[in-house]
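Step one of this worksheet: look at the structure below.
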Amino acid sequence: MTVRTRFAPSPTGFLHIGGARTALFSWAYAKRHAGQFILRIEDTDIERSTPEAVQAIIDGMQWLGLAHDEGPFYQTQRMDHYKNHLASLIESGNAYYCYSTKDELDALRESQMQQGLKPRYDGKWRPEAGKQLPPVPEDVQPVIRFRNPQEGVVAWDDLVKGKIEIANEELDDLIIARGDGTPTYNFCVVVDDWEMGITHVIRGDDHVNNTPRQINLFKALGAAVPQYAHLSMILGDDGQKLSKRHGAVSVLQYHEEGYLPEAILNYLARLGWSHGDDEIFDMQQFCQWFDLDHITPSAAQFNNEKLNWLNAHYIKSADLNELALDITKRLSKLGIAVTAEPALNDVLSLYRERANNLNHLASEIAYFYRVPEANEADVEKHLKTEIMPALQYLYEMLVNTEWTPELIHERIAHVIKEKALKFPQVAMPLRVMLAGVAQSPSIDQVMAILGKQEVLRRMESYLN
RNA sequence: GUCCCCAUCGUCUAGAGGCCUAGGACACCUCCCUUUCACGGAGGCGACAGGGGUUCGACUCCCCUUGGGGACGCCA
């Protein structure tokens, strides 16, 4: 049997980091077993689903490179399937119409809560042998409820959490179709997972409690129950649950914030899953290694520091031309146009070793393409009057120097010797004059790449 | 409240009864490299939540406690 997994988001928002990991694991599991990965949009909640959200999810997955083999399937386009199965469930006595109103149910729930009971449907309209059902009210659109077994337990061997067992008496008769006839989540999931031949359901562990209901539904439909793997959730950097107002950002926001998809992917893969001590690996490797046995059952806290470390790694090992393309866009957002000289590839070769973020990298090298505004504190600290003559002297020597790092270095060394200075006494002021700040890579390298004309021009503005 | 799940360094994790005086990674600290800041290299700090069992032996198995999380919708 070929493995078929699915990612089934509801389009009520963007693809956040937890969803991305669920998608990644489902995708990788399918790849690992030469199976199919299916994308299904669970949009039965028409009120909250939007086409923008669908697009945002697809964009997010595309950025990460998580391509689906089938789909996207939309539940709203599969209504006839659900209706058919709904009818057959009624037919077989596994489902029934319930005329309890929302108000009645709300009141019921409230009183049960007050009594310290688990809120659940009271079975008022559940047909039983020899039971007299109440008279059908005329002005109520009935919902359809699933007739859940009342005895025994439903158990499954969760591929992440191990054996889980829940007593049927904990479950009530869930609504599988609303008053308007539209099917609800738990029912659609089961029909879809069945009809789409899903063999492994890999999803967040907030669904653990839905699983026994779904298994009962599978059985009532006479369908084979898939295997389940419930992933624990991802917590924020502070150990708190991620929520809309608390860091549950779109994966695409990571793009905007200067992260490479490779870094996000590698980070996510390692969050809650392990392959011995391996930390850095690409998706090809991941797809060969990935298994469900090494997924941690406990929740994992997101750690930006480690993501940054991985990002640094992938910036260093990125294809230089692709990196240049990306940085060009980021510079353009800063209002800076990259020119042919100095060559961006040269600049990046010099700078990417030290970067762990693409945005930082872009702003650090901005001075190659725009005269920087010097940092006041650095000017004050390094451009002291007593050093200016030495810089003036250097400037004059540079005018007639052939422009190679070696020769530039030689001139600086010469000035230092003549004026009895230490290297930093000249290098630091030079950095401030050229880059606007006192930190940069090797100053002669910077000068070589910046170009003779530009170096002299920037020095001039300080020397007169 | 009821049910379900979880529990190793600050964080992510290795660990399938002896390999564990518990390993790796991020972060942190020290030193080295050095032309500043980084990169890099070498060290260091640092954990099996508590209590009972089971066993010759428990980080590993069982139970309880504690702590965390999740679910209890005509949402998904």
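Heavy-atom basis, side chains included; hydrogens, waters and symmetry copies ignored. We name chains A, B, ... by the order of the sequence lines, and we start the count at 1 in each one.
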When the side chains of residues 422-431 of chain A are checked against the rest of the protein, which donor-acceptor pairs come out under 3.5 Å, sequence neighbours left out?
from	atom 1	to	atom 2	distance (Å)
A:Gln425	OE1	A:Lys422	N	2.6
A:Arg431	NE	A:Ser440	OG	2.8
A:Arg431	NH2	A:Pro441	O	3.4

Check: Does B:C74 have OP1 or OP2 sitting under 4.0 Å from an N or O in the side chain of A:Thr184?
Finding: no
Check: Relative to the ring of A:Phe290, is the ring of A:Phe286 parallel (under 30°), tilted (30 to 60°) or perpendicular (over 60°)?
Finding: tilted
Checklist line | Plane angle bin for A:Phe302 and A:Tyr254 - parallel if under 30°, tilted between 30 and 60°, otherwise perpendicular | finding: tilted
Whether the [X] and [Y] side chains hold a donor-acceptor pair (N or O, under 3.5 Å, no angle test) is what I'd like checked.
{"X": "A:Thr182", "Y": "A:Asp180", "result": "yes"}
{"X": "A:Asn308", "Y": "A:Tyr259", "result": "yes"}
{"X": "A:Tyr82", "Y": "A:Asp192", "result": "yes"}
{"X": "A:Glu305", "Y": "A:Trp309", "result": "no"}
{"X": "A:Asp173", "Y": "A:Trp125", "result": "no"}

Enumerate the salt bridge (Lys or Arg N to Asp or Glu O under 4.0 Å) contacts for [range], please, sequence neighbours excluded, ordered by first and then second residue.
{"range": "residues 208-219 of chain A", "result": "A:Asp172-A:Arg213"}
{"range": "residues 306-316 of chain A", "result": "A:Glu279-A:Lys306"}
{"range": "residues 152-167 of chain A", "result": "A:Lys161-A:Asp205, A:Lys163-A:Glu165"}

In terms of side-chain geometry, is the basic nitrogen of [X] or [Y] positioned less than 4.0 Å from the acidic oxygen of its partner?
{"X": "A:Lys102", "Y": "A:Asp106", "result": "no"}
{"X": "A:Arg32", "Y": "A:Asp291", "result": "no"}
{"X": "A:Lys83", "Y": "A:Asp80", "result": "no"}
{"X": "A:Arg270", "Y": "A:Asp278", "result": "no"}

Donor-acceptor list for residues 410-419 of chain A side chains, cut-off 3.5 Å, not counting sequence neighbours:
from	atom 1	to	atom 2	distance (Å)
A:Arg411	NE	A:Thr401	OG1	2.9
A:His414	NE2	A:Tyr393	OH	3.2

Check: For RNA chain B, whose closest nucleotide is more 5', that of A:Ser298 or that of A:Arg431?
Finding: A:Ser298
Next item on the list: Select from A:Phe423 and A:Asn303 the residue whose nearest nucleotide in RNA chain B is closer to the 5' end of that strand.
Entry: A:Asn303
Next item on the list: Using ring-ring contact (aromatic ring centres under 6.0 Å, His included) as the criterion, list what pairs up with A:Tyr29, not counting sequence neighbours.
Entry: A:His33, A:His200
Notebook entry, point to check: In residues 287-296 of chain A, which ones come under 4.0 Å of RNA chain B, going by heavy atoms?
Noted result: A:His294, A:Thr296
Notebook entry, point to check: Tell me, which of residues 433-447 of chain A have any heavy atom that sits under 4.0 Å from an atom in RNA chain B?
Noted result: A:Ala438, A:Gln439, A:Ser440, A:Pro441, A:Ser442, A:Ile443, A:Asp444
Round to the nearest Å and state the distance from [X] atom [atom1] to [N] atom [atom2].
{"X": "A:Asn148", "N": "B:C3", "atom1": "CG", "atom2": "P", "value": "17 Å"}
{"X": "A:Leu174", "N": "B:C3", "atom1": "CG", "atom2": "P", "value": "20 Å"}
{"X": "A:Asn304", "N": "B:A25", "atom1": "CG", "atom2": "C1'", "value": "16 Å"}

Check: Does A:Arg40 make a cation-pi contact with A:Phe7, if we ask for NZ or CZ under 6.0 Å from the ring centre and within 45° of the axis?
Finding: no
With a non-hydrogen cut-off below 4.0 angstrom, is [X] in contact with a base, only sugar-phosphate, or nothing?
{"X": "A:Thr182", "result": "nothing"}
{"X": "A:Lys161", "result": "sugar-phosphate"}
{"X": "A:His313", "result": "nothing"}
{"X": "A:Thr211", "result": "nothing"}
{"X": "A:Val208", "result": "sugar-phosphate"}

Margin query: Given 3.5 Å as the limit, does a donor-acceptor pair link the side chain of A:Arg147 with the main chain of A:Tyr96, or not?
Written below: no
Check: Among B:C74, B:C5, B:U36, which is the nearest nucleotide to the side chain of A:Met428?
Finding: B:U36
I'd like a list of close polar pairs between nucleotides 69-72 of chain B and the protein, N/O only, cut-off under 3.5 Å.
from	atom 1	to	atom 2	distance (Å)
B:G70	N2	A:Asn209	OD1	3.4
B:A71	O4'	A:Asn209	ND2	3.0
B:C72	O2'	A:Pro119	O	3.0

Nucleotide N/O to protein N/O under 3.5 Å, stretch nucleotides 19-24 of chain B:
from	atom 1	to	atom 2	distance (Å)
B:G23	N2	A:Asp277	OD1	3.0
B:G24	N2	A:Glu279	OE2	2.9

For nucleotides 60-67 of chain B, give me every protein contact, N/O to N/O, under 3.5 Å, one pair per line with atom names.
none

Notebook entry, point to check: Under the rule syn = chi within 90° of 0, otherwise anti, which is B:C62?
Noted result: anti
Note to self: Using a distance-only criterion (donor-acceptor N/O pair, under 3.5 Å, no hydrogens), is the base of B:U36 paired with the side chain of A:His382?
What the structure shows: no
Notebook entry, point to check: With the sugar-phosphate defined as primed atoms, P, OP1 and OP2, and the base as all remaining atoms, what B/S/- string results for nucleotides 38-48 of chain B, 5' to 3', for protein heavy atoms under 4.0 Å?
Noted result: BSS--------
